[in-house]
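Throughout, a chain's letter reflects where its sequence line sits, starting with A, and its residues are numbered from 1.
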2 protein chains.
Amino acid sequence: MPRRKTTSRMSDRPTMRDVARRSGTSVAAVSRVLNGGVVSDAYRDRIEAAIRDLGYRRNDMARGLVTGRSGLIGVALPDLVGPLYAQMARGVEDVLETRGMHAMVVSDQRDPNAERDAIELLRGRQVDALILIGTRLGDAELRDAAGDVPVVLVQADRPDGERPQVRLDDAAGMRAAFAHLHALGHRRIAHLSGARRDGAERRAAFEACAAEAGLEVAPVVPGDSTEAGGERAAEEVARHLATAVACANDRSAVGLIHGLRARGLRVPDDVSVVGYDDLDWTRYLSPPLTTVRQPGRWMGREAARLALADPDASERSHVRVAPELIVRGSTRAPASAPATASTPPSTPPGPIP
Amino acid sequence: MPRRKTTSRMSDRPTMRDVARRSGTSVAAVSRVLNGGVVSDAYRDRIEAAIRDLGYRRNDMARGLVTGRSGLIGVALPDLVGPLYAQMARGVEDVLETRGMHAMVVSDQRDPNAERDAIELLRGRQVDALILIGTRLGDAELRDAAGDVPVVLVQADRPDGERPQVRLDDAAGMRAAFAHLHALGHRRIAHLSGARRDGAERRAAFEACAAEAGLEVAPVVPGDSTEAGGERAAEEVARHLATAVACANDRSAVGLIHGLRARGLRVPDDVSVVGYDDLDWTRYLSPPLTTVRQPGRWMGREAARLALADPDASERSHVRVAPELIVRGSTRAPASAPATASTPPSTPPGPIP
DNA sequence: CGAACGACTGAAAACGTTTACAGCCCGTGT
DNA sequence: ACACGGGCTGTAAACGTTTTCAGTCGTTCG
């Protein structure tokens, strides 16, 4: 039996044609009802009724084909499971939602080649803009992969001056952590570094702070961004007799605390530890972790705003987000040199007796 | 200046027409090269060269429009930020990736109305199937919202016998937790219940276990799924003099431990606590949490497999995933009645010095 | 009273693909 | 020599929308 040509093949989903026929009008009228064009009330009623009766839903692919836009923003991130990235994605959704748009999220599993594929995929779907989180692609590769689609970079590996982008002010975060420790009276402060990925700036800031404060002992002990790496680092931290450690991230801070404990060192009694990231569960550790909060959701929001902004508008397109120090239980004054002052939020240099 | 009609308007992205012209062939030939049809080698070479030169990318919207399929599986989940859901999403991606398909993930923020919208959106994008994680929609609502798109349910609130679905065997998980506690020698075991959402089955299983074991004291103390709820529950747990608590989820278990500690009760010395979920950080608590692991990623994989399966194939479409008990440091034998036997499942009896 | 105007309406042309179909060319079997 | 078949190729018709443009019809102004 030949298919009736009056109805579409894909599972007989009704089309605007069907709606038009049932309501005795035309597809143009239906389109106008759907998109808020001008239609008489009588028409509108009849068409809306037909839409309900038929259970009609618009086919966004066809729509996108003719309008040349998809209402989609592509988000490529290294990993859906990392809480920070997920929060960013959510931030993006927050603002898209208010514009009737949506995010298409794909994770590239930290593989630079997969990242290119992800962008490819997103472009095929005609996304209206791309938000690249933690991209490893350089300027040229990016131009090549993204073509003419507007791109917003979030925490890019190699910042590209030209493109809109949002970055965490990692230096400021590390300065806050260091200042907190210093104000508590610590003078032997170590840094547990992270993966090159986002650890470089934090490490540089730490070294700058240490130099500025004139610390004689400020070892940088290498870690990756894992608990295991932190645990391994405990040995070296202990060897340096550091009384405080500013870590490049929470995960290695947690590992470090375990390693320290395994060596009979207590936190914060013997060693103070401050993390970086504020993974949402670190407050439930004992002691609760003092750490630097990365406002992931907010960064996602900013990124979305940039992606939606008119590229010609002369708005500033580089957003630098300031992290916030969250003081909890893993830091205190060293036994040897008691605290002199509590740390005010952003740490003007406290008086030293 | 009128636009040349030979080129498309949207940012002058090249089309198959352009490729055909440049290579002196036809769009059909180009399409065949792209989709692995039959073409002579000479043609293939010329066309591939043109594709490279022009930087042509296929427009998946146009393609989807004619083929009636999108290569997309829609995933609706309550919240991207919850680690379990994110893991499920990742599991889905795992298997789609191998089929050259992709997931379109939208989070409905736990709101049943937003969930309907999400499904609507996904349908508009012509997803080839829908994976609904933790849906609250009932059978009828679902039929209405999803129409003829194949649907796979994951951890649905109200299981719908007809549709393919994957569920965690919550009863088995709770039985494992209970058995572990009981084998350690605990006889006053409490249950900290969770939100109705996914707590009902766990609670029922607990009560069944308690009855079967003939426990005289087995209070169920109400909690929600938050740390705060767990903390509040500590009071009542203490009042019942329970020596062990099987919780409906990790978050409230963590809160409970805090609350217990605030009352001077130590874990596991005075009270053993087992969680449920195995959030990936609970191993870093002190003590590390004994808990029941939900294999989120694996569930996601199963769901994707079901979504891709031929609906007519007489495969079994109900998958029940068994959780695994992870024994760590938050449980031990009660002081009053030392352990009689170790728990068979995952704890080989370690030598006791 | 005629004409111009305004508010609505519908036909039809895109949009960039896939695919059925018909055509071409060349080699082969009879 | 002719028919036939097979391997490639191009034309054109969908797919379901949006949008332009030319109407239609009543109303209002001059």
Side-chain angles (χ1 to χ4, degrees), chain A residues 2-47 51 54-71 123-126 128, chain B residues 2-47 51 54-71 123-126 128:
Chain A
R3 208 187 301 109
R4 294 190 335 236
K5 66 121 89 80
T6 60
T7 196
S8 86
R9 69 162 173 7
M10 57 162 309
S11 13
D12 284 344
R13 193 126 132 204
T15 74
M16 290 188 15
R17 259 171 89 98
D18 300 321
V19 175
R21 189 176 5 245
R22 180 177 238 267
S23 58
T25 63
S26 69
V27 295
V30 176
S31 174
R32 282 190 277 260
V33 166
L34 255 24
N35 301 320
V38 349
V39 217
S40 66
D41 289 350
Y43 255 53
R44 182 176 303 277
D45 291 347
R46 265 159 58 201
I47 291 178
I51 288 180
L54 261 31
Y56 167 82
R57 321 275 189 195
R58 161 170 75 201
N59 180 333
D60 284 320
M61 299 200 97
R63 173 180 226 233
L65 181 56
V66 24
T67 61
R69 29 191 310 102
S70 61
R123 282 235 287 166
R125 301 291 167 188
Q126 311 298 114
D128 298 336
Chain B
R3 207 187 302 110
R4 292 191 335 234
K5 68 120 90 77
T6 61
T7 195
S8 86
R9 69 164 175 4
M10 56 164 310
S11 13
D12 284 345
R13 190 128 133 204
T15 74
M16 290 188 14
R17 259 171 89 99
D18 299 321
V19 174
R21 190 177 4 246
R22 180 177 237 268
S23 58
T25 63
S26 69
V27 294
V30 176
S31 173
R32 282 191 277 259
V33 167
L34 255 24
N35 301 320
V38 356
V39 217
S40 66
D41 289 352
Y43 256 53
R44 183 176 303 276
D45 291 347
R46 268 160 54 205
I47 292 179
I51 288 180
L54 260 30
Y56 167 82
R57 322 273 190 198
R58 161 171 74 203
N59 181 333
D60 284 322
M61 299 199 97
R63 172 180 229 232
L65 180 55
V66 25
T67 61
R69 32 193 306 103
S70 61
R123 282 234 289 166
R125 301 291 167 188
Q126 311 298 115
D128 298 336

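Atom CZ of A/Arg17 and atom C1' of D/dT17 are 12 Å apart (whole Å). The interatomic distance linking B/Arg63 (CZ) with C/dC15 (P) rounds to 21 Å, in whole Å. Atom P of nucleotide C/dC15 and atom CG of B/Asn59 are separated by 12 Å, given to the nearest angstrom. What separates CZ of B/Arg21 from P of D/dT9 is a distance of 19 Å, to the nearest Å. Residue A/Arg69 contributes atom CZ, which lies 11 Å from atom P of D/dT19 at whole-angstrom precision. For the pair A/Arg32 CZ and C/dT9 P, the interatomic distance rounds to 8 Å; values are reported in whole Å. Put simply, CZ on A/Arg46 is 15 Å from P on C/dC8, counting in whole angstrom units. Nucleotide D/dT18 holds its P atom 12 Å from the CE atom of B/Met61, rounded to whole Å.
Ranking D/dT18, C/dT18, D/dC15 by closeness to the A/Thr67 side chain, first place goes to D/dT18. In this structure, the nucleotide among C/dG16, D/dG16, D/dC8 sitting nearest to the side chain of B/Ser40 is D/dC8. Distance from the side chain of B/Ser26 is smallest to D/dT11 among D/dG16, D/dT11, C/dT17. Picking from D/dT18, D/dG10, D/dC15 the nucleotide with the shortest atom distance to the side chain of B/Val66 gives D/dC15. You'll find that the side chain of A/Ala29 is closest to C/dG10, out of C/dG10, C/dT19, D/dC15.
Backbone-only contact: A/Asn35 has heavy atoms under 4.0 Å from sugar-phosphate atoms and none from a base. Across all strands shown, A/Arg57 has heavy atoms under 4.0 Å from sugar-phosphate atoms exclusively, and none from any base.
When each of B/Tyr43 and A/Val30 is assigned the nucleotide of DNA chain D bearing its nearest heavy atom, the one mapping closer to the 5' terminus is B/Tyr43. Between B/Val39 and A/Ala28, the residue whose closest nucleotide on DNA chain D is further toward the 5' end is B/Val39.
Contact annotation: the side chain of B/Arg125 approaches that of A/Ser70 to within less than 4.5 Å [non-hydrogen atoms, C-beta and beyond].
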Evaluation steps, side-chain contact (heavy atoms from CB on, under 4.5 Å), between A/Val19 and A/Val27: CA-CA 8 Å; A/Val19 175; A/Val27 295; over 6 Å; no
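No side-chain donor-acceptor contact under 3.5 Å links A/Arg69 to the backbone of A/Asp128.
Look at A/Ser31 and you won't find any side-chain N or O under 4.0 angstrom from OP1 or OP2 of D/dT17.
To the nearest 0.5 Å, atom CZ of residue B/Arg21 and atom OG of residue B/Ser26 are 12.5 Å apart.
Using modelled atom types, one finds a donor on one side chain and an acceptor on the other under 3.5 Å when comparing B/Arg63 with B/Asn35.
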